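Structure record follows, encoded as structure tokens.
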4 protein chains.
Amino acid sequence: MNKEVVRFGVSIDEKLLESFDKLIERKYYTNRSEAIRDLIRASLVEIKVEAGNQEMIGTVTLVYNHHVRDISDKLTEHQHMYSDRIVSALHVHLDAHNCLEVLVVKGKAKTIRQIADELIGVKGVKHGKLVMTATDTDMH
Amino acid sequence: MNKEVVRFGVSIDEKLLESFDKLIERKYYTNRSEAIRDLIRASLVEIKVEAGNQEMIGTVTLVYNHHVRDISDKLTEHQHMYSDRIVSALHVHLDAHNCLEVLVVKGKAKTIRQIADELIGVKGVKHGKLVMTATDTDMH
Amino acid sequence: MNKEVVRFGVSIDEKLLESFDKLIERKYYTNRSEAIRDLIRASLVEIKVEAGNQEMIGTVTLVYNHHVRDISDKLTEHQHMYSDRIVSALHVHLDAHNCLEVLVVKGKAKTIRQIADELIGVKGVKHGKLVMTATDTDMH
Amino acid sequence: MNKEVVRFGVSIDEKLLESFDKLIERKYYTNRSEAIRDLIRASLVEIKVEAGNQEMIGTVTLVYNHHVRDISDKLTEHQHMYSDRIVSALHVHLDAHNCLEVLVVKGKAKTIRQIADELIGVKGVKHGKLVMTATDTDMH
């Protein structure tokens, strides 16, 4: 954890800074540096997603009706097929019919997207969404 | 579960249908109806998100460094503040420093976004993302 | 134009700054301040879009087949209906069949979205997309 | 224009269809087929953007302060550098200080993104956004 914290200056119009300070308050950031670092990391993640070939972490959110025949089996089967990629899963019983499943997937952006597509494509899955993030050294 | 399945026809150019069939294969859908229903539900979710005042379900993905002072306490505190909204949480140890936390949040789109903003704003959270989905009766 | 330029400092891990400097180079920014200001303004625009009730500027991109009966008339009619909102239009002949039309629309985010939806919904419009930006005083 | 229109059936729950019909009305679509075709084309465009190497059309929206030294010259210079890619441009005087410029760019998704990044990176450009669309044969 021998991370070196450095400092750099940003020149900015007074009014733009005022608007940013309001945004910081609204978004509950402790201070400007914290907010700026988050903006920077979000841009880095975006570029990694575009690149497609970098190691990332994906969260796949699935909503499905558990009454649909064989859907749990099919989802489980898919997850085992990618057991080296799917790190963990969270299951929530939303109501009498609907389940929410959140899967954490590791791999290249392209692989993660493919796994997400396969799961969202399973008959009975009503809605699915994928978000990606990263944790490599340059995200310190 | 007395859901009535109905049928409607879609007129489409042959070539556009060919491209769609390729997309269906690529996205692992079983058939056209399954793919069309998913497209419809995704549009409905989008409109609900825009509206802001409808009950939805959010998945908040957070990446943070657990070495940052008090971060776990702060995250836990925030979650308890919204304990009636935060349904469930999944924690993954990504590496020696980084944790991934996925929270399932219920509420109006605006409330979910606010909770997500608060959590992402916590000092030490490196990156956060929110996706929303819905499960109400019109998402059958 | 008596804009006051001020300066503030950002503390950041050395490695994260290195990654940011690579991003700056890749995105062709002249310097860090320029890149940071763009990130800040992009966040402000996002919040304005979410809010829905603030004055913004939208660019609507439409692709359509000009052979479809009455499509030009219908698009023109829609544009005149909102003549106080639609500032300007650009028309490009893409190929023998396809036209691209880009409209610049002024108004509240919600109004802009509605105008865009109406235009994209016109029979014969194949694809449409809306982006929003802002120019008010806090975007200096 | 010897396009063959074909027809296929979609089976769907009655309630989901009701919600879709409301969406169709809200989005001003003439009929279900028109709405479905738009959803399909939007998915195809998304996949092309992800692929990166397919011919597309981009619309780049730029907001800038024309008082910034040399900004018009720099933007013009960049545009001439890519004169074989930049098809057309629309300029709007937003207010005393701000200009909006919309550029239509043709090329591979990756090239379009690079041109957009370069333009957005020009000193004085406050905000920029890129959207992509497609017109090839499979978008009939």
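The sequence lines fix the lettering, A, B, ..., with proteins before strands; numbering per chain opens at 1. A quick note: this is a predicted structure, and the numbers were derived from the prediction, not measured. The analysis underlying the following values was restricted to heavy atoms, covering all of them including side chains, and did not include hydrogens, waters or symmetry mates.
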Once rounded to the nearest 0.5 Å, what's the spacing between atom CD of D:E25 and atom OG1 of D:T30? 12.5 Å
Filter on ring pair (Phe, Tyr, Trp, His ring centres under 6.0 Å), then keep only pairs touching residues 72-95 of chain D, sequence neighbours left out; what's left? D:H91-D:H93
Check whether any side-chain heavy atom of D:V10 lies under 4.5 Å from a side-chain heavy atom of B:R7, and answer yes or no. no
Chain B heavy atoms under 4.5 Å from D:K22: which part of the residue, side chain, backbone, both or neither? neither
Set of side chain to side chain donor-acceptor pair (under 3.5 Å) partners for B:D70, sequence neighbours left out: none
I need the D:E18 CD to D:I12 CD1 distance, nearest 0.5 Å. 10.5 Å
Based on non-hydrogen pairs under 4.5 Å, which of D:A35, D:S11, D:G9 is most in contact with chain B? D:S11
What pair of heavy atoms forms the shortest contact from B:K129 to B:I120, and how long is it? N-CD1, 4.1 Å
Where does D:I40 contact chain B at under 4.5 Å (heavy atoms): side chain, backbone, both or neither? both
Side chain, backbone, both or neither of D:L17 within contact of chain B (heavy atoms, under 4.5 Å): side chain
Under 4.5 Å, heavy atom to heavy atom, which residues of residues 56-64 of chain D contact chain B? none
Within a strict 4.5 Å, meaning less than it, do heavy atoms of the D:V125 and D:L119 side chains meet? no
List the residues meeting side chain to side chain donor-acceptor pair (under 3.5 Å) with D:D21, not counting sequence neighbours, and say none if there are none. D:R32
